[in-house]
Amino acid sequence: MTIYNALHIWNGFLLPLVLTQTPDKRVLPLALWSFQEEYSINVPAVLASVVLTTLPILILYVVGRRQLLSGLTAGFSK
């Protein structure tokens, strides 16, 4: 449940878009959205920023993978 809740908070877009007024208080998905230019998109820069923003979630998954799998299979065997 913690991983699901963390992903939901991490991927929040609409509420921070409505509530934040200054660029220094934006969450990562909103910062990625505003990173694009008005008429053109620098694809390599956007892809690099997407990779950098997904690294913390991937690191948390790799570290907690065993606990996640043991929790999922705990009620399966008797």
Side-chain angles (χ1 to χ4, degrees):
M1 190 66 189
T2 303
I3 293 172
Y4 178 73
N5 195 21
L7 282 173
H8 180 67
I9 292 169
W10 188 266
N11 292 328
F13 183 80
L14 187 60
L15 188 63
L17 178 65
V18 173
L19 294 179
T20 57
Q21 299 296 323
T22 60
D24 58 340
K25 303 215 187 278
R26 290 187 178 148
V27 293
L28 284 173
L30 189 56
L32 283 174
W33 178 69
S34 65
F35 186 65
Q36 301 174 6
E37 297 175 353
E38 186 173 348
Y39 297 109
S40 67
I41 298 173
N42 187 358
V43 175
V46 171
L47 289 177
S49 60
V50 166
V51 167
L52 287 175
T53 57
T54 57
L55 280 179
I57 295 295
L58 288 175
I59 290 170
L60 284 174
Y61 173 73
V62 167
V63 168
R65 178 177 49 197
R66 289 188 184 135
Q67 288 81 14
L68 177 67
L69 290 177
S70 67
L72 289 174
T73 59
F76 182 68
S77 63
K78 285 188 173 188

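All residue numbers in this chain count up from 1 along the given sequence.
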Under the rule for side chain to side chain donor-acceptor pair (under 3.5 Å), what residues qualify as partners of Thr22, not counting sequence neighbours?
Asp24
Side chain to side chain contact (heavy atoms under 4.5 Å, CB included) filter on Val63, not counting sequence neighbours, yields Ile59
Is it possible for you to say whether Ile57 and Leu68 belong to one hydrophobic cluster, with membership spreading through side-chain heavy-atom contacts below 4.5 Å?
yes
Within one Ile-Leu-Val-Met-Phe-Trp-Tyr cluster: Leu52 and Leu47, side-chain cutoff 4.5 Å
no
For Arg66, enumerate each residue passing the side chain to side chain contact (heavy atoms under 4.5 Å, CB included) test, keeping only those at least two apart in sequence or located in another chain.
none
In this structure, OH of Tyr61 is separated from CG of Leu58 (nearest 0.5 Å) by 10.0 Å
